[in-house]
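Only one structure is covered here, and it is reproduced in the block below.
Values below: all heavy atoms of this structure, side chains included; hydrogens, waters and symmetry mates excluded.
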Amino acid sequence: MTGTDVQKEAEDSGPSGYAAARLRLLNEEARSGPPRRAALAELTDDWLTGLFAAGAEGLRGVSLVAVGGYGRGELSPRSDLDLLLLHDGSDPKAVAALADRLWYPVWDLGLALDHSVRTPAEARKTSGEDLKVQLGLLDARHLAGDLGLTAGLRTAVLADWRNQAPKRLPELQELCAERAERQGELQYLLEPDLKEARGGLRDATALRAVAASWLADAPREGLADARRRLLDVRDALHLATGRATDRLALQEQDQVAAELGLLDADTLLRQVYEAARLVSYASDVTWREVGRVLRSRAVRPRLRAMLGGGKPTAERSPLAEGVVEQDGEVVLARAARPERDPVLPLRAAAAAAQAGLPLSLHAVRRMAATVRPLPTPWPAEAREQLVTLLGSGRPTIEVWEALEAEGLITRLLPDWERVRCRPQRNAVHIWTVDRHLIETAVRASEFTRRVSRPDLLLVAALLHDIGKGWPGDHSVAGEIIAKDVAARIGFDRHDVAVVATLVRHHLLLVETATRRDLEDPATVRSVAEAVGSQGTLELLHALTEADALATGPAAWSSWRGSLVADLVERVSAVLAGDVPADPEDAAPTAEQERLAIEAVATGSPVLSLRAQTEPPAGQEPSGQEPSGDPEPLGVELLIAVPEQPGVLPAVAGVLAMHRLTVRTAELRSLTLPDGVDGTVLLLDWRVAAEYGSLPQAARLRADLVRALDGSLDIAGRLAERDAAYPRRRGVVAPPPRVSVHPAASRLATVIEVRSQDAPGLLFRIGRALEDASVQMRSAHVSTLGANAVDAFYVTGPEGAPLPGDEAESVARKLEETLRG
């Protein structure tokens, strides 16, 4: 059926015919994107025009006007119909009757309707009071009735908008900023709102309004295409969900991608991010230009009076060779020759970031159009300018985005293309891969005084996740890419090797500190062998913290920082030639020794529960600057228990019963003072109440005694609670993975568990290991966001590491238990 046939069906059959024709149009696979939106708008125009003609017979001085998105002809499948019934005020009763004949058929079809009935004077008055109404009227489009009435209103509204622009545009900018604060940035969100988030359709519409003011204009290149892509995604979202929604939820992304003929949800998100990034950049440039023009208008009368009416000359302050500041922006000097100076883009960017100023759009575009490629390897100045740019802190981000918007970054670093706008489907990460790399460099710039080679730190920060654009382990792939990039930008062979090592092992310190027994010499020695030198260890420590801080709030804490610092100190001692002490010789603290002696004397568990807001005594806090109150680390729960089977599942089960979340946990055997017989297990945990207040220590101890003697059915109690309060299922988590690390310790077998965190998880793990008849030498538990990563050092009944096949069997059974 052709478009003409669809329209004829709608005209012949009234509302039901329109509904059928609309449905047929939306189901046509041959038409999508702008053609379908235009066809839907045209079909709706014809239907409404028919309704108007039937209801307005003999009525003069009335017109039907489409405004907002409908006025622009951008009808998505579930879009509202924004309509204005405009009249001259001569016959209000007849106009009211006509409104009923128009609105009720729309409502009867279940279509969302945003409607108003106004005279031109009323419409202008309302738009003057309500910015959103005025923005909608800027896109007014005549549908039916008195064309002169509509044209007169359009002319008046546009004139009002242009006359009021100095007042209205700052108001619009503030509205956009408030919306961005509420909704976040579209280019980084895993479940973005296509309309409301920064860089979305609302911002694209705001740019049209700025252009209509004649005060400033947005960069046009690519903007229309970005808007079209966002509208196409919204169309597909409406069709996939059958709802008028603008939020691209995780569970709908695969279906939306299929609707658009894209490979997968990641491809979809990347296209959305690219479009949003272009809109956001255009918005930044446009609002900067609006501010410049408004400041110029405010200053110009005074300058003219001072200069006797002459035209003022803009002041230009030199910043670097070929780079000057003018009117709050960094521009190229008049003598600059980008076609002869391949280092100019980096020099201009470094100067802008150091000055905390934006690069002008004209300067970036001129360099992108004329600059020659840098030779390989880069000259020393280019490398130095890159390091200066990366070390400039927060201003680096805006300058980097300006270079990237015009394609200069991928010309300088071709490998950047694979990580550009790449989503990270991990709740811990709050940025795309490329933005995370820049954020890491910004964080690393705060630590340049802690290292002897800040240039290597900053470049490694920029490259540490560059392998995420390739299949396989991103650290392994990243090492190869980092070698190539570091050599290309001019580092010597030794420095290239250091950068490659940093990229290869950028996760080593935090993973080892939180998942391995630092008292085991094999643990510390393996890290020392991977790092190789004190200088590299120093760099890796700073990179580890910068990476975690740039990931998101769930990735770093003072406690985790203290663990990493402890590991670094131990590794540093090995690299300096010292030998780590055997774990059996580790001296307990006075508090630990007191509890252990009491546990032996009473033959029962003893515990203490206290708030912990600082790292334990003897451990230095992380390099992160404090921000007000001390960071809460939860509550320290210290338990001493005479060694016996079932301690880990008993403690974990009791905590789960009391709705205590385990943030970190350690279990180890404690060496007692001479003259004290017996062996004690020490559990040093950090816990937090899931909600409500913490239970009393006496209550915890009583339940733990019952759990250990078998009179408390923990499994039954937890099952009853789960049945009474079933948890809602969110995004399907990856299945748990259990692995054996035979080389991680010479004293025990290390079994590592990676799983979605859940109440009772540690209880289930502990019980499964007890059922496997292995002895627990130590345990190291950490929770990062929604993920639990736990390491258990176990031995056989004789106290020796498990044979390889037996260890794998235990791991497989544990994995099956967690999957069940």
Side-chain angles (χ1 to χ4, degrees), residues 6-23 25 38-76 78-130 132-158 160 244:
V6 171
Q7 292 168 9
K8 189 173 188 306
E9 178 182 345
E11 294 168 1
D12 292 346
S13 306
S16 61
Y18 168 74
R22 178 188 176 94
L23 182 61
L25 174 62
L40 182 57
E42 186 178 355
L43 179 68
T44 305
D45 289 354
D46 292 342
W47 177 53
L48 291 173
T49 298
L51 293 177
F52 183 92
E57 189 173 353
L59 189 60
R60 297 182 179 277
V62 183
S63 66
L64 183 62
V65 184
V67 298
Y70 182 29
R72 294 188 296 272
E74 294 174 351
L75 273 188
S76 291
R78 294 285 177 173
S79 289
D80 294 357
L81 295 183
D82 297 326
L83 293 170
L84 166 64
L85 186 58
L86 194 64
H87 65 101
D88 61 9
S90 61
D91 195 347
K93 289 185 178 179
V95 171
L98 174 59
D100 288 343
R101 293 190 175 189
L102 290 171
W103 309 154
Y104 278 99
V106 176
W107 287 326
D108 289 342
L109 289 182
L111 300 177
L113 176 65
D114 188 352
H115 62 90
S116 58
V117 180
R118 294 188 177 109
T119 65
E122 290 169 342
R124 290 181 67 186
K125 181 176 184 296
T126 304
S127 70
E129 298 168 348
D130 189 331
K132 293 180 180 178
V133 171
Q134 190 168 33
L135 293 174
L137 287 173
L138 290 177
D139 293 308
R141 180 169 59 87
H142 181 74
L143 295 179
D146 189 337
L147 177 60
L149 198 64
T150 304
L153 176 64
R154 274 186 53 84
T155 300
V157 166
L158 281 170
D160 290 343

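- Summarising the geometry of Pro92 relative to Gly89, their closest heavy-atom pair is CD-O, 3.8 Å, with the distance given to 0.1 Å.
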Open item on the list: One pair to check against side chain to side chain contact (heavy atoms under 4.5 Å, CB included): Val106 and Tyr18. What are the steps and the verdict?
Closed with: CA-CA 10 Å; Val106 176; Tyr18 168 74; over 6 Å; no
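- Smallest separation of non-hydrogen atoms from Leu83 and Leu143: CD2-CD1, 3.7 Å.
- In terms of modelled atom types and a separation under 3.5 Å, the side chain of Asp80 and the main chain of Asp82 share no donor-acceptor contact.
- At least one side-chain heavy atom of Asp160 sits under 4.5 Å from a side-chain heavy atom of Gln134.
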Task: From CA spacing to verdict: side chain to side chain contact (heavy atoms under 4.5 Å, CB included), Thr44, Arg22 - done: CA-CA 8 Å; Thr44 305; Arg22 178 188 176 94; 4.2 Å; yes
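- In this structure, NZ in Lys125 is found 11.5 Å from CG in Asp130, a value given to the nearest 0.5 Å.
- How far CG of Leu75 is from CD of Glu42: 12.0 Å, rounded to the nearest 0.5 Å.
- When every heavy atom of Leu25 is checked against every heavy atom of Ala39, the shortest pair comes out as CD2-C, 3.8 Å.
- The backbone N or O of Arg124 sits less than 3.5 Å from a side-chain atom of Ser127, completing a donor-acceptor pair.
- Here CZ of Arg118 is found 10.5 Å from CG of Leu153. Values are rounded to the nearest 0.5 Å.
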Between side-chain atoms of residues 55-70 and protein atoms elsewhere (two or more places apart, or another chain), which donor-acceptor pairs fall under 3.5 Å?
{"from": "Ser63", "atom 1": "OG", "to": "Thr150", "atom 2": "OG1", "distance (Å)": "2.9"}
{"from": "Tyr70", "atom 1": "OH", "to": "Asp45", "atom 2": "N", "distance (Å)": "3.3"}
{"from": "Tyr70", "atom 1": "OH", "to": "Asp45", "atom 2": "OD1", "distance (Å)": "2.5"}

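- Scanning both residues, Ser76 and Ser79, for their nearest heavy atoms gives N-OG, 2.8 Å.
- Looking at every heavy atom in both residues, Ala54 comes nearest to Arg101 through O-NH1, 3.5 Å.
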TODO: Show your reasoning for whether side chain to side chain contact (heavy atoms under 4.5 Å, CB included) applies to Asp146 and Asp88.
DONE: CA-CA 10 Å; Asp146 189 337; Asp88 61 9; 6.0 Å; no
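- In this structure, CZ on Arg154 lies 10.5 Å from CZ on Arg141, to the nearest 0.5 angstrom.
- For Ala144 against Phe52, the heavy-atom pair with the smallest separation is CB-CD2, 3.7 Å.
- The line from CG of Leu86 to NE2 of His142 is 10.0 Å long, rounded to the nearest 0.5 Å.
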Open item on the list: One pair to check against side chain to side chain contact (heavy atoms under 4.5 Å, CB included): His87 and Val117. What are the steps and the verdict?
Closed with: CA-CA 8 Å; His87 65 101; Val117 180; 3.8 Å; yes
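- In summary, of the residues considered (Thr126, Leu158, Val157), a side-chain contact (heavy atoms from CB on, under 4.5 Å) with Leu137 occurs for Val157 alone.
- Thr119 places a side-chain N or O within 3.5 Å of a backbone atom of Glu122 that can act as its donor or acceptor partner.
- To the nearest 0.5 angstrom, Leu98 atom CG is 8.0 Å from Trp103 atom CH2.
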